[in-house]
Amino acid sequence: MSYISLSDKDKKEMLAKIGLSSSAELFRCLPEEIKLKKKLNLPSPLSEPELEEYMKNLAQKNIYPEYLSFLGAGAYPHFIPAVVDYLSSRGEFVSPYTPYQPEVSQGTLQLIFEFQTLICQLTGMDVANASLYDGAYGAAEAVLMANRLQKKAKVLVARTLHPHYRQVIKTFTKNLKIKVEEIEYSSKGSLDFEDLSQKLDKQTMAVLCQSPNFFGVIEDVDKVSDLAHQHKALSVVVVAEPISLGLLEAPGELGADIVTGEGQSFGLPLSFGGPYLGFMACLKEFVRQFPGRIAGQTKDVEGRRGYVLTLSTREQHIRREKATSNICTNQALCALRATIFLEVLGQKGLRELAWQNVQKAHYAQQKLTAIKGIKKKFPGNYFNEFVLELSKPLVAVEAKLKANKIIGGLNLEDFYPELKNCVLVCVTELHKKDEIDTLAENLKQAL
């Protein structure tokens with residue numbers, strides 16, 4: 001559809017229709033002190049050839065692909081089979097928006113239904129929704145859902161939950177009279193159960209923990225769930241690295257009431273941080289307070305299998321102020337990629353992928369901790385990430401690594417001031433043995 005801008009005459013007619021004399025009057029409800037009183041400092045327009053050259057020069061500044069990177073921390077590099085790109089780029093999948101009319105949206109509804117089924121199988125839960133924006137949003141929605149279910153005012157959040165997720169939770173709950181308390185971590189890098197026991201009380205609506213957690217350590221979800229349930233609180237488990245579900249026991253089998261997380265590892269590239277894919281699943285008895293939308297399977301008047309949207313709870317529908325979520329859509333294209341990825345791999349393939357992550361991460365940890373001046377910070381079991389503590393200032397070591405085009409991991413001091421000279425290292429199936437050995441050799445020289 002062509003874009004034709006409004007003329008001054010068009011604008012005057014539209015304003016007159018609603019009884020206004022200027023566009024400024026449209027914003028008279030805004031306080032004067034927050035209104036911009038000057039023109040924006042924008043560059044002059046470019047011609048098409050100039051724009052192409054500008055974008056080309058801008059793209060050349062991206063030198064990340066030239067580096068050997070061991071970054072993870074919620075965004076993971078994994079192999080994506082070519083079939084994921086091929087199928088997800090078909091026009092039939094790229095062009096549809098929201099499947100309001102099931103008679104013309106069976107393909108989209110079927111893939112959403114399959115995505116939900118896969119998430120239920122992975123998490124061990126009864127019901128999954130059609131997806132959320134990302135893992136951080138999913139964690140915040142889980143808190144709001146727990147608040148609606150429990151009618152309580154306090155939520156306990158593990159400090160080992162991704163720092164960005166914790167920030168989003170605090171933003172969502174700031175004006176809702178929900179108290180967010182953080183649970184400390186132990187010397188093992190996992191949730192401190194003594195601290196959890198002291199903070200649990202009758203006002204606690206839920207306990208949130210991430211497993212594997214931000215340090216890569218696998219949490220004792222079973223014990224967390226038991227403690228939460230003893231105080232009539234819900235157990236909410238966040239999974240930021242879902243490839244781990246190929247090996248680890250499903251959170252639903254360990255007593256979780258709500259499971260949410262990030263699906264980026266399932267066929268989505270890193271893409272500078274997005275778009276990603278949030279997922280959420282819960283027990284059947286909580287479905288009426290579930291955010292987002294759910295695709296259901298039914299039969300048409302002729303008895304043929306078909307799919308429809310069911311239990312849509314967004315505010316634009318009849319729920320209005322009673323809506324359980326303000327999510328306006330779902331990540332359908334991202335969910336499609338995740339569905340293709342998981343169905344191409346299958347159960348055995350996902351298990352093999354998870355196994356390779358574990359094996360390579362443990363080889364790397366053993367290789368690196370054999371170097372003088374490096375030790376493993378936390379003794380807990382881990383999946384594909386682990387924390388190392390260096391004997392020399394990490395900033396100086398990072399500079400030497402980057403000079404050789406190596407990113408050795410994430411400096412944890414930025415998020416945990418007490419973890420000085422500690423680095424979070426991620427190793428996936430894409431890291432070859434010689435690349436791990438290269439990191440080890442460069443760290444040895446830097447120390």
Side-chain angles (χ1 to χ4, degrees), residues 98 112-113 115-117 119-120 122-157 161 165 168-180 202-210 221 224-225 228-229 231-239 250-252 254-263 277-296 308-331 335:
T98 300
I112 292 174
F113 184 81
F115 170 77
Q116 293 170 179
T117 303
I119 295 301
C120 285
L122 286 168
T123 59
M125 305 303 288
D126 299 330
V127 188
N129 66 14
S131 71
L132 299 169
Y133 295 131
D134 56 28
Y137 183 85
E141 281 284 12
V143 171
L144 300 184
M145 180 178 171
N147 180 241
R148 292 191 299 271
L149 288 165
Q150 298 285 80
K151 303 291 190 286
K152 295 179 182 178
K154 186 173 86 170
V155 60
L156 297 179
V157 177
L161 178 65
Y165 291 23
V168 173
I169 288 171
K170 289 174 182 176
T171 299
F172 268 66
T173 58
K174 183 178 180 181
N175 298 313
L176 296 178
K177 296 181 180 179
I178 295 175
K179 183 180 180 182
V180 179
K202 61 182 180 180
Q203 292 303 315
T204 306
M205 60 178 168
V207 178
L208 260 78
C209 75
Q210 176 182 325
V221 174
V224 173
S225 299
H229 294 156
H231 290 79
K232 301 189 184 308
L234 298 178
S235 171
V236 180
V237 177
V238 178
V239 184
L254 300 172
D257 299 297
I258 302 171
V259 181
T260 187
E262 174 59 63
L277 170 67
F279 64 84
M280 180 180 273
C282 71
L283 298 176
K284 189 176 180 179
E285 56 261 39
F286 301 145
V287 72
R288 288 288 175 183
Q289 294 299 328
F290 214 26
R293 57 171 65 115
I294 300 172
V308 295
L309 280 182
T310 183
L311 296 176
S312 299
T313 55
R314 56 192 280 208
E315 80 288 353
Q316 291 96 322
H317 291 118
I318 58 171
R319 300 282 295 174
R320 298 177 72 82
E321 73 278 0
K322 294 181 180 178
T324 59
S325 172
N326 67 353
I327 184 169
C328 297
T329 184
N330 58 287
Q331 299 290 79

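Predicted, not measured: the structure shown is a model, and the values here were computed from it. Atom set for the values below is all heavy atoms of this structure, side chains included, hydrogens, waters and symmetry mates excluded.
Annotation for Val239 and Pro251: closest pair CG2-CG, 4.4 Å, computed over non-hydrogen atoms. Summarising the geometry of Pro291 relative to Glu141, their closest heavy-atom pair is CB-OE1, 3.6 Å, with the distance given to 0.1 Å. Taking every heavy atom of both residues into account, Ala256 and Ser225 meet most closely at N-OG, 3.7 Å. Here the closest non-hydrogen pair linking Phe115 and Asn129 is CE2-O, 3.8 Å. When all heavy atoms are compared, the tightest approach of Thr310 to Gly296 is CG2-N, 3.9 Å. Of all heavy-atom pairs spanning Ile258 and Met280, the tightest one is CG2-CG, 4.3 Å.
Remark: side-chain polar atoms of Gln150 are not paired, donor with acceptor, to backbone N or O of Ala206 under 3.5 angstrom. Between the Asn147 side chain and the Ala153 main chain, no donor and acceptor come within less than 3.5 Å of each other. Looking only at distances, no side-chain donor or acceptor of Ser131 sits under 3.5 Å from a matching main-chain atom of Leu277. With Ser235 contributing its side chain and Ala228 its backbone, the two residues share no donor-acceptor pair below 3.5 Å. Within the 3.5 Å criterion, the main-chain N or O of Val237 finds no donor-acceptor partner in the side chain of Gln210.
Residues Cys282 and Met145 have side chains in contact (heavy-atom distance under 4.5 Å, counting atoms from C-beta outward). Counting only heavy atoms from C-beta outward, the side chains of Met205 and Val143 approach each other to under 4.5 Å. By the 4.5 Å heavy-atom criterion applied to side chains, Phe279 and Leu122 are not counted as neighbours. Counting heavy atoms from C-beta on, the side chains of Val238 and Tyr165 come closer than 4.5 Å. For the pair Asp257/His229, a side-chain contact is recorded, criterion being any heavy-atom separation below 4.5 Å from C-beta on. At least one side-chain heavy atom of Leu161 sits under 4.5 Å from a side-chain heavy atom of Ile169.
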Could you go through the side-chain contact (heavy atoms from CB on, under 4.5 Å) check for Lys179 and Gln203 one step at a time? CA-CA 10 Å; Lys179 183 180 180 182; Gln203 292 303 315; over 6 Å; no

Would you sort out whether Thr204 and His231 count as a side-chain contact (heavy atoms from CB on, under 4.5 Å), showing the intermediate values? CA-CA 8 Å; Thr204 306; His231 290 79; 5.7 Å; no

Please test Ile112 against Arg293 for side-chain contact (heavy atoms from CB on, under 4.5 Å), starting from the C-alpha separation and ending with a verdict. CA-CA 10 Å; Ile112 292 174; Arg293 57 171 65 115; 5.6 Å; no

